[in-house]
J.: 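Once you've had a glance at the structure underneath, I'll fire off some questions.
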Amino acid sequence: MKNETSVKYFYILPFSGETRSKPFITAFFFLIYVVGVLINSSIITVICLEVQLHKPMYLFICNLSIVDILFTSVTVPKLLHMLLSGNQIVSFSQCYTQLFFFFLVGAAEDILLFVMAFDRYVAICNPLHYHEILSHLNCTLITVAIWVVGIFNSLSFLTLVLYMSSCHSNIIHQFYCDPKSLTQITCTTSNMFIIVNGVEIVMLVFIPLMCTFISYGKIFSAIFKMKSKESRKKAFSTCSSHVTIITIYYGTSLVGYLIPPNSEGLDTVFDIVYTTIVPMTNPIIYSLQNSNVQSTLLRVLRAMCFIKN
């Protein structure tokens, strides 16, 4: 970054003036991080070990758990280090590394949520061609494409951020190197950055979200046409958790970016929900409500207890 004041680092102020509450805040984030990593790791392990779960839907659930682990790992460990050590200085390289992985997992989750909606659309609206459309090869290509697009998105943004000038301040009123906070302390924002940001919003947020809405429009239309009440109930149960995740994920992220720049406290609250709470609750809402995952997880736990005994 071209810095007109020769600043070599950023100063993170996550919870200014909350010195007495630091032990509680530290314990809260540590608990959220450990619980989130343990639950998501359990889901990944169960899906990998159980052959019956080697299906497209569970492959995408596994990828969602990986994304959720990365989402919290990008921000929380560094925050815990700052809270425990009292050292709130973050070097440019540390900040840019955090930005790179933040953009990566953000783009991956946006696309992945749409792919999971498409999976439900094919399963309910076109079940006879499900295994043909979502074959092992196609699912592998989709998974690789998700991460490639995420990496390309990160590199594009990071390249542009490196050429922005930071001259107003080196203080970030957030608990991580937030892109929104970084743009507020820069004195020059290139036209290319605005264009790329606009393209990203359209390609990775608006289009996947619209396609998700269209998919669920067709899904609900197909469900209401089902004659069997049991079939309708089963179809709704496979979609309800995914709809809940999409609502929470896009709802918190949208509100967080619409908050005025001077509302630092409110901005931090929504960022905490978006980057830590949501990744922890995703496997609880989606995976653990799935009877197949539940039964397999219980079977693995019983086997582990039997081995110990």
J.: How long is the gap from CZ on Phe60 to CG on Leu113, to the nearest 0.5 Å?
T.: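 Rounded to the nearest 0.5 Å, the CZ-CG separation comes out at 12.0 Å.
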J.: Just by distance, do the side chain of Gln98 and the backbone of Val74 share a donor-acceptor pair under 3.5 Å?
T.: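 Present.
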J.: Looking only at heavy atoms, what is the nearest atom pair of Ile245 and Asn282, with distance?
T.: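 Looks like CG2-OD1, 3.4 Å.
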J.: Using a 3.5 Å distance criterion without hydrogens, assess whether the side chain of His54 forms a donor-acceptor pair with backbone atoms of Cys48.
T.: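 Checking the backbone N and O of Cys48 against the side chain of His54, a donor-acceptor pair under 3.5 Å is found.
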J.: Restricting to non-hydrogen atoms, name the atom on Ser240 and the atom on Thr244 that form the minimum distance, rounded to 0.1 Å.
T.: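 Here Ser240 and Thr244 meet closest at O-OG1, 2.8 Å.
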J.: Distance from Leu80 atom CG to Phe175 atom CZ, nearest 0.5 Å?
T.: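 These two atoms lie 11.0 Å from each other.
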J.: Go through the structure and list residues passing side chain to side chain contact (heavy atoms under 4.5 Å, CB included) with Ser73, not counting sequence neighbours.
T.: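 Side chain to side chain contact (heavy atoms under 4.5 Å, CB included) list for Ser73, sorted by chain: Tyr33, Ile69.
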J.: Donor-acceptor check, side chain of Gln94 to backbone of Ser91, threshold 3.5 angstrom: yes or no?
T.: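 Side chain of Gln94 to backbone of Ser91, a donor-acceptor pair under 3.5 Å: yes, one is there.
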J.: In Å and rounded to the nearest 0.5 Å, what is the OG1 to CD1 distance from Thr252 to Ile272?
T.: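 With rounding to 0.5 Å, OG1 (Thr252) is 12.0 Å from CD1 (Ile272).
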J.: Specify the closest pair of heavy atoms between Ile12 and Gln174, including all atoms of both residues, with the distance to one decimal.
T.: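 Scanning both residues completely, I find the closest heavy atoms to be CG2-O, 2.9 Å.
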J.: Taking the six-membered ring for Trp, is the centroid-to-centroid distance between Phe71 and Tyr274 below 6.0 Å?
T.: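 Between Tyr274 and Phe71, which both carry aromatic rings, the centre distance is below 6.0 Å.
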J.: If you take all heavy atoms of Val90 and Cys95, which pair is closest and at what distance?
T.: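 In terms of heavy atoms, the two residues are closest at CG1-N, 3.7 Å.
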J.: For Met226, is there any backbone N or O sitting under 3.5 Å from a side-chain donor or acceptor partner on Arg232?
T.: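 Checked: pair present.
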J.: What's the spacing between Leu64 CG and Leu112 CG if we round to 0.5 Å?
T.: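 Here the rounded value is 5.5 Å.
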J.: Ignoring hydrogens, what is the shortest heavy-atom contact between Leu104 and Gly150? Give both atom names and the distance.
T.: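 Between these two residues, the closest heavy atoms are CD1-C, 3.3 Å.
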J.: CD1/Ile32 to OG1/Thr281 distance, rounded to the nearest 0.5 angstrom?
T.: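 Here the rounded value is 9.0 Å.
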J.: May I ask you to check whether Tyr96 and Phe92 place their ring centers less than 6.0 Å from one another?
T.: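 Centroid distance Tyr96-Phe92: below 6.0 Å, so yes.
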J.: For a quick test of reading the model, state the closest non-hydrogen atom pair linking Phe114 to Thr212 and the distance between them.
T.: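 For Phe114 versus Thr212, the nearest heavy atoms are CA-OG1, 3.6 Å.
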J.: Taking only residues two or more places apart in sequence, or in another chain, which ones meet Thr247 in a side chain to side chain contact (heavy atoms under 4.5 Å, CB included)?
T.: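 With sequence neighbours excluded, Thr247 shows a side chain to side chain contact (heavy atoms under 4.5 Å, CB included) to Val243, given in chain and number order.
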J.: Quick one: CZ on Phe213 to NZ on Lys218, what's the gap to the nearest 0.5 Å?
T.: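 Between atom CZ of Phe213 and atom NZ of Lys218 there are 15.5 Å.
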J.: Please answer whether the main-chain N or O of His131 pairs with a side-chain N or O of Asn138 as donor and acceptor at a distance below 3.5 Å.
T.: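 No, the answer is negative, given that no donor and acceptor are paired below the 3.5 Å cut-off.
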J.: Can you list the steps and then say if Phe220 with Phe236 is a ring pair (Phe, Tyr, Trp, His ring centres under 6.0 Å)?
T.: CA-CA 8 Å; Phe220 291 142; Phe236 269 122; 5.8 Å; yes
J.: Would you tell me whether Tyr121 and Asn126 have side-chain atoms, one donor and one acceptor, within less than 3.5 Å of each other?
T.: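 Short answer, no.
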J.: Does any donor atom in the side chain of Tyr130 or Asp119 lie under 3.5 Å from an acceptor atom in the other side chain?
T.: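 Indeed, the side chains of Tyr130 and Asp119 share at least one donor-acceptor pair under 3.5 Å.
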J.: Looking at residues at least two apart in the chain, or sitting in another chain, which of them share a side chain to side chain contact (heavy atoms under 4.5 Å, CB included) with Ser228?
T.: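 With neighbours one apart ignored, the set is Glu230, Ser231.
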